[in-house]
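Please read these numbers as outputs of a predicted model, since none were measured by experiment.
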Amino acid sequence: MATVDFGGVRREACLDYSPGAGVGAYAVVHVGFAISEVDEAEARRTLDVLRAMADAVETELGEPLP
């Protein structure tokens, strides 16, 4: 298990599927499991896409996601 940081939000994640992940690594986490490691550039691209999706929803609904 590891503590992971999602833009300031910290959660526990299981590393069984990404045993090579260590301090400072970037990983895709789904339902509490680190399912793959990615490099910093891919992590940044993924975060940019997720932020754009949240912004699009906020624009559509007129309010931020909870």
Side-chain angles (χ1 to χ4, degrees):
M1 295 298 288
T3 300
V4 296
D5 185 311
F6 298 96
V9 177
R10 292 176 183 244
R11 297 280 190 263
E12 291 295 308
C14 178
L15 299 180
D16 285 350
Y17 300 116
S18 297
V23 175
Y26 295 89
V28 175
V29 177
H30 180 65
V31 295
F33 290 86
I35 56 175
S36 66
E37 289 183 68
V38 295
D39 62 26
E40 184 176 0
E42 182 62 24
R44 289 189 188 283
R45 284 191 295 271
T46 301
L47 284 173
D48 289 344
V49 168
L50 293 172
R51 287 183 181 125
M53 290 170 54
D55 291 345
V57 169
E58 181 176 345
T59 298
E60 185 70 26
L61 297 178
E63 59 186 56
L65 292 172

- Query: From R51 CZ over to T46 OG1, what is the distance, rounded to the nearest 0.5 angstrom?
  - Reply: 11.0 Å
- Item | Approximate separation, where rounding is to 0.5 Å, of L50 CG and R45 CZ | 13.0 Å
- Each residue besides F33 in its hydrophobic cluster should be listed here, by chain and number; the cluster joins Ile, Leu, Val, Met, Phe, Trp and Tyr at side-chain heavy-atom distances under 4.5 Å. Y17, Y26, V28, V31, I35, V38
- Query: If you look at every heavy atom in L15 and A2, which pair is closest and at what distance?
  - Reply: CD1-CB, 3.6 Å
- Can you pull the side chain to side chain donor-acceptor pair (under 3.5 Å) pairs that have at least one residue in residues 31-41, sequence neighbours excluded? E40-R44
Pairs of donor and acceptor atoms involving the side chains of residues 4-14, under 3.5 Å and at least two apart or interchain, shall be tabulated with distances.
{"from": "D5", "atom 1": "OD1", "to": "G7", "atom 2": "N", "distance (Å)": "3.1"}
{"from": "D5", "atom 1": "OD1", "to": "G8", "atom 2": "N", "distance (Å)": "2.6"}
{"from": "E12", "atom 1": "OE2", "to": "T3", "atom 2": "OG1", "distance (Å)": "2.7"}

